[in-house]
Amino acid sequence: MWDAMPELPEVEVTRLGFADRIQGARIRSARVGKPLRWALGCDPALLAGRRVLSVGRRGKYLLVALDAGLLLVHLGMSGRLRFDRDLPAPGAHDHFDLDTDHGTLRLHDPRRFGAVVFAESADDPVARKLLGRLGVEPLDDSFDAAGFFLALRRRKSPVKQVLLAGDVVVGVGNIYASEALFAAGIRPTTPAAQLSRPRADRLHTAVRTVLARAVATGGSTLRDFRGADGAHGLFQQEAMVYGREGLPCRICGTPIRMLRQGQRSTFYCPHCQKA
DNA sequence: AAAAGCCCCTGGATGC
DNA sequence: TGCATCCAGGGGCTTT
């Protein structure tokens, strides 16, 4: 099976699992373990004494707003956040601890593709670099069908890769890209610009539906994804195509196929997704 | 501007 | 049983 692969729903479920509890907390200290994708960008000692105002999200980044500055947290592909009182001593894969008077926020990330980055503000060059070219939030009203269609029309790449790129719409990772295209009945290899308005509309709806449903059911769990409160996600059992190569399509029984697109695996049903 | 490829990392699966 | 090898993937970066 696979490790947890945090996409937007997993990040959002994580956020919901600790945002309320950490709000208003006073930071006592911060501990940095092995290097993550990027350096923290400040002396951890400088975080002591600051207060956590709120926890937001932009794409797959969690934004921990402090009374001075903010922390950008990315889970990469194997990252998990916990927030609890009296956590055990950090293990080999616990690479960041934020100790507060409400509990400790801990990043556990075996593959270290994740990151915790400090920025002075949202206008900080570091924040701009990481958040600057992100596409629209799929669950916001700003993700509208007309705009989506126009954005797709400018892209000749296969629609799967456009979804994954994150500059049109954020948060759709490898799992939900396949799932959304299946839900829309669109073949992943179809050039984005070739989609008619009605088909783009179907994809727009599918992206929202698949992601919203995944959030509602607690996030995907292709191995053992858990929210920051330790609850298991339940979406796993509902994958229609992802990871099901050779297995019968749940709708028509045709064997699911896998192909490679930009070094990523894509799954689809050749019958339900004809074009 | 858009597209394509590279690379970071390590646990798990596979092959000999 | 132990090794070596391959693979997964988010996404910023570089090159075309």
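Quick note on labels: first sequence line is chain A, next is B, and so on, each numbered from 1.
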Side chain of [X], heavy atoms from C-beta onward: which of [options] has the nearest atom to it?
X: A:Phe113; options: B:dA3, C:dG10, B:dG5; answer: C:dG10
X: A:Arg155; options: B:dA3, B:dC7, C:dA8; answer: B:dA3
X: A:Gln263; options: B:dA2, B:dC6, C:dG10; answer: B:dC6

Transitive ILVMFWY cluster of A:Trp38, excluding itself - 4.5 Å side-chain cut-off: A:Tyr61, A:Leu63, A:Leu70, A:Leu72, A:Val117, A:Val126, A:Leu130, A:Leu131, A:Leu134, A:Val170
Axis deviation across the helix from B:dA2-C:dT16 to B:dC16-C:dG2, five-pair ends, to the nearest 10°: 50°
A:Arg260 CZ - C:dG9 C1' separation (whole Å): 9 Å
Extract all donor-acceptor atom pairs below 3.5 Å that involve side chains of residues 267-275 of chain A and protein atoms in other chains or at least two apart in sequence.
from, atom 1, to, atom 2, distance (Å)
A:Gln273, OE1, A:Cys269, N, 2.7
A:Gln273, NE2, A:Leu181, O, 3.4
A:Gln273, NE2, A:Ile186, O, 2.9

Side-chain donor/acceptor contact of A:Arg111 with base of C:dG10 under 3.5 Å: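 By the distance-only test, no, there is no pair.
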Nucleic acid contacts of residues 186-196 of chain A, taken as heavy-atom distances under 4.0 Å to DNA chain B: none
Got a list of protein N/O to nucleotides 12-16 of chain C N/O distances below 3.5 Å?
from, atom 1, to, atom 2, distance (Å)
C:dG12, OP1, A:Tyr61, OH, 3.0
C:dG12, O4', A:Arg37, NH2, 3.2
C:dC13, OP1, A:Lys129, NZ, 3.4

Non-neighbouring partners of A:Asp167 that pass side chain to side chain donor-acceptor pair (under 3.5 Å), sequence neighbours left out: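 A:Arg155.
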N/O donor-acceptor pair under 3.5 Å between A:Arg50 side chain and A:Leu46 backbone: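 Yes.
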Short side-chain N/O contact from A:Tyr242 to OP1 or OP2 of C:dA8, under 4.0 Å: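 Checking C:dA8 against A:Tyr242, no side-chain N or O comes under 4.0 Å of OP1 or OP2.
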